[in-house]
Structures are given as structure tokens and as C-alpha cells.
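Please read the structure below before turning to the comments.
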Amino acid sequence: MSLLQVQGLSKYFGAVAAVDDLSFTVAEGEILAMIGPNGAGKSTCFNVLGGQLPADHGSVRLAGQELLGLPAYRIWRLGVGRTFQITASFGSMSVLENIQLALLSHHRRVWQLWRRATGYYRPAALALLEQVGMAAQAERSCGILAYGDLKRVELAIALAHQPRLLLMDEPTAGMAPAERAELMRLVVKIAREQTIAVLFTEHDMDVVFAHADRLMVLDHGRLIAAGTPASVRADPLVQARYLGHS
């Protein structure tokens, strides 16, 4: 069943079409990779889906509800989570406190931050850290974590909001090859268990072809190919414009 339905989505910057008449769907529990060269429109598409940028044309529906025109916080409340290329945790706070803060936001209790966050949702925060393999580092400051561990914390923060759709913009950027594969295996496992749809961008093709159910390829804002990893890898146009001939 399609959770996300994107139809005719376009975003222009002057005369340049960063996203040009783009249509696709993402099913519940599906892992869909959006790939393409730099400047293909991937990040712009993500920013439109998440409400950070307005669209010029088209429709974006989550479980039938139109998202275009809604502010980012409303889209997030409807179940669209996101991780970013550059991690955005609070370095002066512990790993656990970062997750507790996300849970306070999810439960609409951020107004209580005049009190210490350490008293709120500790068991739930520890359970989320257990899911991402970070429970043993719960009391460490985020400011001293290795980059790969910060990516896991960011994933736990996103999961704290119980997303139905998770947008992941280059989730393994800056990580060592072994860490990249491990993180994506974790994302796939959680998505399957919790029936979360995942749309991610990624430049590491080993990660993409090993973990995505389907791929879509953008070039200059337009969709040039879509399908299974095997079919996209064999597509002559994709090889010519992005992957290179093998």
C-alpha cells in the first residue's frame, strides 16, 4: 500500500527547474533510494517534501492527506521524520538527554524545559538507544562521540517521533565503509519491524544496491529511471549519465 504519493512535483529557482514534474510513490515499510549526480535535485526534493521549501506545482500526499502548503512542523507532526547530512544533536548534552528532549517534543511538553529534562521519559529514551545500539553510551556527551555514533543518535532522535515516513539525506556521509553498511542494515531492520517507509539519498552505490528495495534516478530534476536495483544498474541511460559503463 502506498503511503507517500508524489505527483507532478516541480520546484523552480528562477528559470532553473531543480525538481521537474516528478512523480513517485513509497509503500509502507519500503526502502526507496533516490540517487543521481550532484545538482540532480535530490536535496531540493527532500526540502519540499519536508516543508522547508514551497513547491511551485504538484501534489504530495501522505496516506491521502495533502502536505504541500503545510509548515514543516505540521508535516513532522503528521509522521514525516528526517535525518540530515550533517548531524544536529546538542553536543553539550548527553546522548540520553538528546533523546529525552526529542521525546519531550513528541509529547508536546517542550514548554517544561525550565525543569531538567533528565526526569522525563528515561525508560523510553533508553529503549530507543537500545534499538540503535547506543544504550551503553547513554551518559556520554554527544560532543565527544565518534561521527558514526552521532549518526545512530540522530536516527534515535528521528524515531522518537514515531515517524511513518523517514527521509534520510545521505545517512552514511562521512562514515567508514564498514560503518555505512552496518547503519543501513540497522535502518532496514527497524523499518521492517515498525513498517516505516524510508526514502533516502546516498552517493555510496554499494550501500544503495545492497539495501534499497527500489531505486529512482534523477538528472537535472527529472526522473530518468526507476525500478529494482538490478534493472536500474543495467539501464543504459543511468550508466551513461551517472553510474558509468561497467
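We number each residue from 1, following the sequence as shown.
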Do [X] and [Y] make a side-chain contact, defined as non-hydrogen atoms from C-beta onward lying under 4.5 Å apart?
X: Thr172; Y: Lys151; result: no
X: Leu223; Y: Val217; result: no
X: Arg233; Y: Phe209; result: yes
X: Leu78; Y: Leu67; result: yes
X: His161; Y: Ser105; result: yes
X: Tyr242; Y: Ile35; result: yes
X: Ile99; Y: Leu129; result: yes

Enter the distance from [X]:[atom1] to [Y]:[atom2] here, rounded to the nearest 0.5 Å.
X: His203; Y: Glu170; atom1: NE2; atom2: CD; value: 4.0 Å
X: Ile190; Y: Leu128; atom1: CD1; atom2: CG; value: 9.0 Å
X: Gln194; Y: Gln162; atom1: CD; atom2: CD; value: 8.5 Å
X: Leu3; Y: Leu62; atom1: CG; atom2: CG; value: 4.5 Å
X: Glu154; Y: Leu183; atom1: CD; atom2: CG; value: 9.5 Å
X: Leu4; Y: Phe24; atom1: CG; atom2: CZ; value: 5.5 Å

Is the side chain of [X] donor-acceptor paired with the backbone N or O of [Y] at a distance under 3.5 Å, no angle test?
X: Ser23; Y: Gly8; answer: yes
X: Glu97; Y: Ser94; answer: yes
X: Arg164; Y: Gly79; answer: no
X: Asp235; Y: Ser231; answer: no
X: Glu66; Y: Val60; answer: yes
X: Ser10; Y: Asp21; answer: yes
X: Glu179; Y: Ala176; answer: yes

- Take atom CD of Glu130 as the centre, draw a 6.0 Å sphere, and report whether it contains more than 12 heavy atoms from other residues, nucleotides or ligands.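 No - once you tally the heavy atoms of other residues, nucleotides and ligands closer than 6.0 Å, there are 12 at most.
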Using the rule that Ile, Leu, Val, Met, Phe, Trp and Tyr join whenever any side-chain heavy atoms are under 4.5 Å apart, tell me whether [X] and [Y] fall into a single cluster.
X: Trp76; Y: Leu70; value: no
X: Val80; Y: Met168; value: no
X: Ile31; Y: Val232; value: yes
X: Val48; Y: Tyr12; value: no
X: Leu53; Y: Met34; value: yes

Minimum heavy-atom distance [X]-[Y], with the two atoms named:
X: Ala173; Y: Tyr147; result: O-CE2, 3.0 Å
X: Pro171; Y: Met184; result: CG-SD, 3.9 Å
X: Ala72; Y: Gln52; result: CB-NE2, 4.1 Å
X: Leu167; Y: Gly50; result: CD1-N, 4.3 Å
X: Ala33; Y: Ala212; result: CB-CB, 3.8 Å
X: Val188; Y: His211; result: CG2-O, 3.9 Å

Identified side-chain contact (heavy atoms from CB on, under 4.5 Å) counterpart of [X] within the set [options]:
X: Cys142; options: Asp149, Leu96, Val95; result: Val95
X: Ile196; options: Val187, Leu159, Leu165; result: Leu159
X: Leu22; options: Arg222, Met216, Gln7; result: Met216

For this session: Mark yes or no: Lys11 above the aromatic ring of Phe13, with NZ or CZ under 6.0 Å from the six-membered ring centre and no more than 45 degrees from the axis.
Result: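 Lys11 over Phe13 ring: yes.
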Within 45° of the ring axis of Phe46 and under 6.0 Å from its six-membered ring centre, is that where the NZ or CZ of Arg82 lies?
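So Arg82 doesn't make the cation-pi contact.
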Checklist line | Charged N-O contact under 4.0 Å between Glu182 and Arg152 | finding: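 Salt bridge between Glu182 and Arg152, a charged N being under 4.0 Å from a carboxylate O: yes.
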Legend entry - Non-neighbouring partners of Glu28 that pass salt bridge (Lys or Arg N to Asp or Glu O under 4.0 Å), sequence neighbours left out: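 Glu28 satisfies salt bridge (Lys or Arg N to Asp or Glu O under 4.0 Å) with no other residue.
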Worksheet item: What pairs of residues pass the salt bridge (Lys or Arg N to Asp or Glu O under 4.0 Å) test when at least one of them lies in residues 43-58, not counting sequence neighbours?
Response: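 Residue pairs passing salt bridge (Lys or Arg N to Asp or Glu O under 4.0 Å), neighbours aside: none found.
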* Would you list the pairs meeting salt bridge (Lys or Arg N to Asp or Glu O under 4.0 Å) in which at least one residue belongs to residues 212-221, sequence neighbours left out? =>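 Checked against salt bridge (Lys or Arg N to Asp or Glu O under 4.0 Å) - neighbours excluded - the pairs reaching residues 212-221 are Glu30-Arg214, Arg192-Asp213, Asp219-Arg241.
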_Intermediate values then yes/no, side-chain contact (heavy atoms from CB on, under 4.5 Å), Leu218 and Ile224_ = CA-CA 6 Å; Leu218 301 187; Ile224 63 170; over 6 Å; no
key: Criterion side-chain contact (heavy atoms from CB on, under 4.5 Å) on Leu101 and Asn98, from CA distance to verdict   = CA-CA 5 Å; Leu101 184 59; Asn98 270 271; 5.8 Å; no
Practice task
Kindly determine whether Val198 and Leu32 satisfy side-chain contact (heavy atoms from CB on, under 4.5 Å), including the steps that lead there.
Solution key: CA-CA 6 Å; Val198 177; Leu32 176 62; over 6 Å; no
request  = Apply side-chain contact (heavy atoms from CB on, under 4.5 Å) to the pair Ser59 and Leu9, showing each step before the final yes or no.
outcome  = CA-CA 6 Å; Ser59 173; Leu9 186 65; over 6 Å; no
